[in-house]
Protein chains: 2
Amino acid sequence: MTQLYSISDLSKEFDITPRTIRFYESKGLLAPRREGQRRIYTSSDRVRLKLILRGRRLGFSLDESLEIIELYNPDNNNKKQLKTYLEKIQQKQYALAEQLKDIKAIQKSLKEAEARCIDALAN
Amino acid sequence: MTQLYSISDLSKEFDITPRTIRFYESKGLLAPRREGQRRIYTSSDRVRLKLILRGRRLGFSLDESLEIIELYNPDNNNKKQLKTYLEKIQQKQYALAEQLKDIKAIQKSLKEAEARCIDALAN
DNA sequence: GTTTACCTTTACGTAAACGTAAAGCAACAT
DNA sequence: ATGTTGCTTTACGTTTACGTAAAGGTAAAC
């Protein structure tokens with residue numbers, strides 16, 4: 001009894017157009033089943049879409065998002081590949097740490113600007 | 001004795017092309033002095049460029065970056081404007097907090113994937 | 001004095017991420 | 001049977017953020 005979704009279900013839930021979802025499919029980021037012509041999305045597809053949109057919010061390209069998503073499920077069989085995966089994972093972790101620094105720097109500047117604003121308003 | 005920079009100074013320092021810097025100028029993000037034809041950048045221009053690139057790393061559009069940069073120096077004279085600025089600053093702070101959540105979520109997933117990788121490699 | 005280096009403008013080209021219009025199938029509602 | 005709703009494909013259009021030639025100015029270097 002796993003949940004299934006139509007394209008408009010998902011487009012409404014995530015406030016994107018069906019076009020966007022189809023575009024992601026055309027780029028290999030999604031691969032829903034078909035029932036006749038219609039696309040049928042599983043809850044696993046839905047999670048994938050969620051992850052893609054999270055990447056989008058962070059300024060990742062679709063390729064980057066795809067790469068990251070694929071890092072979540074390493075193929076535990078191939079030891080050689082596993083090492084490569086591990087390196088990629090750690091590279092991404094480093095990049096994310098940098099991004100975190102950037103955000104915190106902006107937050108700091110905004111806090112200072114906020115304080116100056118409040119101060120000027122109180123005089 | 002304040003530092004001055006040529007366009008190639010800055011392009012080398014930040015590893016971007018002169019074209020990129022000129023493009024930012026054409027979009028109103030930079031406004032260097034001229035010495036004849038040549039562009040002369042002050043250290044304040046340099047900081048602005050740094051901020052633009054930080055925004056770029058975070059997936060901000062140039063318009064967004066410009067908006068944020070302008071939030072750093074509120075005009076303390078106009079009380080009415082100050083209130084608007086304050087609201088904008090707080091909106092950005094909220095958005096950044098959300099972005100931070102996104103990053104931490106990815107970090108968590110990557111940590112788990114990393115652990116599974118290490119585990120599989122150790123068996 | 002002309003190469004060389006560095007800068008300039010103008011302008012067309014391009015990749016990514018969709019938007020949008022056209023034309024049509026398929027099922028259900030009237 | 002026919003409109004409405006919701007989906008489909010195809011394909012050209014658009015915005016953002018630059019890339020990339022083309023053609024030339026200027027000034028130091030040889």
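Throughout, protein chains are lettered first and strands after them, A, B, ... in sequence-line order, and every chain is numbered starting at 1.
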Looking only at heavy atoms, which two atoms of B:Leu4 and B:Asp9 are closest? And how far apart? O-OD2, 4.4 Å
Base, sugar-phosphate, or nothing: which does A:Arg22 touch, judged by heavy atoms less than 4.0 Å apart? base
Within this structure, what is the OH-to-C1' distance between A:Tyr41 and D:dG6, rounded to whole angstrom? 13 Å
Round to the nearest Å and state the distance from B:Glu35 atom CD to D:dA27 atom P. 10 Å
Less than 4.0 Å between a side-chain N and a carboxylate O, is that true for B:Lys88 and B:Glu64? no
Given 3.5 Å as the limit, does a donor-acceptor pair link the side chain of A:Lys79 with the main chain of B:Leu121, or not? yes
Hey, mind stepping through B:Ser11 and B:Ser8 against side-chain hydrogen bond (donor to acceptor under 3.5 Å, both in side chains) and telling me if it holds? CA-CA 5 Å; B:Ser11 75; B:Ser8 54; 5.4 Å; no
Shortest non-hydrogen contact from B:Leu29 toward B:Arg48: O-NE, 3.0 Å
First and last nucleotide of DNA chain C touching chain B, 5' to 3', heavy-atom cut-off 4.0 Å? C:dC6 to C:dA11
Grab the NZ-C1' distance between A:Lys12 and D:dC7 for me, whole Å please. 11 Å
Is any side-chain nitrogen or oxygen of A:Arg19 closer than 4.0 Å to OP1 or OP2 of D:dC12? no
Between B:Arg38 and B:Leu62, whichever has its closest DNA chain D nucleotide further toward 5' is B:Leu62
Chi angles and distances behind the side-chain hydrogen bond (donor to acceptor under 3.5 Å, both in side chains) call for A:Gln93, B:Glu114: CA-CA 10 Å; A:Gln93 284 176 334; B:Glu114 186 188 19; 3.3 Å; yes
Using whole Å, what does the distance between atom P of nucleotide D:dG24 and atom CD of B:Gln37 come to? 14 Å
Whole angstrom value for the distance that separates P of D:dT15 from CG of B:Asp63: 13 Å
